[in-house]
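The analysis underlying the following values was restricted to heavy atoms, covering all of them including side chains, and did not include hydrogens, waters or symmetry mates.
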Amino acid sequence: MKTFCGRANPTTGALDSVEESEEYDYHQEIARSCFADMLHDHDRNKKYYRGIRAAVARVKARGERVIILDIGTGTGLLSMMAVTAGADFCYAVEVFKPMAEAAQRIVEKNGFSEKIKIINKHSTDVTVGPDGDMQMKANVLITELFDTELIGEGALPSYEHAHHNLVQEACEAVPHRATVYAQLVESELLWSWAQLQPVEVEGARLVPPPAMGLCAGAHSVCDIQLSQVSPRSFTPLGPLCTMFSVDFSKPVSSAFQSHTSQFVARSGGRAQVVLSWWDLDMDPSGSVVCTMAPSWTYPQPKMAPWRDHWMQSVYFLPSESRVTEGEELGLTVCHDDYSLWYGLQSRRDSQTEAPPPRPCCTCQAHLVWTRPRFGELNDGRRTESYVSALRSVLMGDSVCLGVSDGSLLPVFARMIGAKKVLSSVLEANSMEGGVELLEIRPEQLTSKDLGGEQISVLMGEPCFSSSLLPWHSLFFWYCRTALAGLLRPNATILPRSATLHMVAVEFQDLWRIRAPCGTCEGFNVSPMDEMKSLDFRESREAEPHPLWEYPCRALTRSTGVMTFDFTQRVPQQPISSQGSLPLIRKGRCHGVALWMEYHLTADITVSAGLIGPVSEQGECEWSRHRKQGVYFLRSPWDSSDGAAVSYSFTFEPSTGDIKMDFSVEPQ
């Protein structure tokens, strides 16, 4: 049965009715999940396998039957490893129904049905006893309940319940323990993602309001591919600290805890950011270690395993503080059942001070702006482009309207010469009047709302919190169309146009998230590839990724494929574009990267994608502020002389969608 669902259209702003199948949410979850990434993580898989074999051997050496409890079994891979290692029986728990069904098919396909029972429940709902889900308690606990922050998927409550209800005392556990590490650093780059910085405009210094400067920010972790943050972008102020460990073979508590690591500052600077990651010891001796450490900690960085399901964490201190070389410091980490946060004290204070409270945004900005958005607003070069563009179009009688979420453009316009301002940001800078905040949708604006005046400058970055893909910013175009009756005949639109760009690429690692699974560590997991969900609509369209975190090589030149003229209204008829790009470099073409470039004026352009020329080898430098679109080819293409990427785009004005298709063909 199909259902009509309401969907807010991020491009047109309209509420659309979309016909979806009854399994729509399942399709979404599978298509967006990291299951394929985990199955392709050979380092993770082989170390789990070694840990499982060792745990099974230890139980057998005691003369006991080996009963496994596998919580969060996913595809059933770890359960099959356990049975292959000699386990007598395995209870595999998976709460997500489509994955539980897939696991059942995979277990059957590999001939383990008699020794593996799939339980489609949350582990805290599993029962033990003659009529229960498990006939007896397990003596080996296997789990994969971790996220980038280690405990963010509820690992601690699940372990806590399992030890009380589902496993025997002194059970074996794989992994055996986890250890969290952290390092205090100064980083202008990373700190720009946490706080709005002062900016110079027309000789005046624009500073954030005091409430924003005093705000501790959002408490949620910033998880990124830290390997792509160059060590030149930060200064370590202390050593890598061991913060705490969790022994999973013993009862675990999900209650609040704090741990302090004391150290001597190795250099002076501004304490701003904590970099953190964790290791898994798969056995009690710690001889089998799966580490999340970034590649630059390795003697040979290229030997570091790549994974996207577990990355590294960046935590922002509530406020920056000055430390001096040789100063004795205490770095404290606190955690509840789902999250971590950090605080810094002098060693003397760390002995007596209460643990740092969980950060909480009090200025509202951290609830509105994402961390990349903070970085974008703090990008001085980008700001100068917009200020230069505004300077070239504003006049003394300009009536300006800004259409963007959380934008500073109206503030800049006032500083350059707009008439009236009403904003807490301006209030902090001793400016009165000039910008009036209108809490009304553009299509609902009337001449009365504008004080009877017409708009002479319509401006936007454009940036909207609802945007996921690059072309969702075309919402600005729809706003401009809705406001056409309020514009002066010679009104300036800034940006005047936008161009959708593309380049065919070879990914260093990102291709793994969409690659077929086939056989994994000797087990047939092909039912994952056969799942209808992996062929669902969203997996056949572009998806958003921050490409600065995922290195790739350009195999074609980059080119603009569609231009949208904001000086005109959104057309009634579709816009189409076709063509082909020859492959100019050898490599494996995994897909196409897509982004928007905004033409503020005839000679000022801001790119939300490539921000520098492509090197001779095809290396790309991407904007850190916006996500780009990625269209994965159904099958990668090994490029050779004479091949080309054919493309077809159609922009449908009624829906705001851009339909696209790509193929690689020999010429």
If you define the side chain from C-beta out and look only at heavy atoms, does anything of [X] sit under 4.5 Å from [Y]?
X: V140; Y: L69; value: no
X: D337; Y: I151; value: no
X: S385; Y: R382; value: no
X: L340; Y: F244; value: yes

Task: Full working for salt bridge (charged side-chain N to carboxylate O under 4.0 Å, His left out) between E327 and R322 - done: CA-CA 10 Å; E327 184 177 355; R322 176 67 62 177; over 6 Å; no
Whether the side chain of [X] engages the backbone of [Y] through a donor-acceptor N/O pair (distance < 3.5 Å, no angle test) should be reported.
X: E94; Y: G74; result: yes
X: D147; Y: G152; result: yes
X: E621; Y: G612; result: no
X: W310; Y: F146; result: yes
X: W296; Y: V229; result: yes
X: H176; Y: E172; result: no
X: H163; Y: F248; result: yes
X: S192; Y: L189; result: yes
X: Q272; Y: S187; result: yes
X: T143; Y: L145; result: no

Side chains of [X] and [Y], donor plus acceptor under 3.5 Å:
X: R177; Y: S249; answer: no
X: S313; Y: D223; answer: no
X: D308; Y: Q225; answer: yes
X: S407; Y: E461; answer: yes
X: Y315; Y: E149; answer: yes

- [ ] Show your working on salt bridge (charged side-chain N to carboxylate O under 4.0 Å, His left out) between R514 and E543 and close with a plain yes or no.
- [x] CA-CA 11 Å; R514 291 293 172 261; E543 53 192 77; 3.1 Å; yes
- [ ] Output, in order, the C-alpha distance, side-chain angles, deciding distance and verdict of salt bridge (charged side-chain N to carboxylate O under 4.0 Å, His left out) for D41 and R307.
- [x] CA-CA 6 Å; D41 187 347; R307 47 178 68 96; 2.6 Å; yes
Open item on the list: Let me confirm one number: the CD-CG distance from Q345 to L331, rounded to the nearest 0.5 Å.
Closed with: 8.0 Å
Open item on the list: Which residue is it: V274, T332, T179, V333? I am looking for the one with a side chain to side chain contact (heavy atoms under 4.5 Å, CB included) to M243.
Closed with: V333
Is it the case that over 12 heavy atoms from other parts of the model lie below 6.0 angstrom from the [atom1] atom of [X]?
X: R373; atom1: CZ; result: yes
X: K250; atom1: NZ; result: no
X: E200; atom1: CD; result: yes

Open item on the list: Using the ring centroid of each side chain, check whether Y386 and F412 are separated by less than 6.0 Å.
Closed with: no
TODO: Please check if the distance between the ring centroids of F374 and W369 is under 6.0 Å.
DONE: yes
Task: The single option from R624, H625, R626 passing side-chain hydrogen bond (donor to acceptor under 3.5 Å, both in side chains) against E376 - done: R626
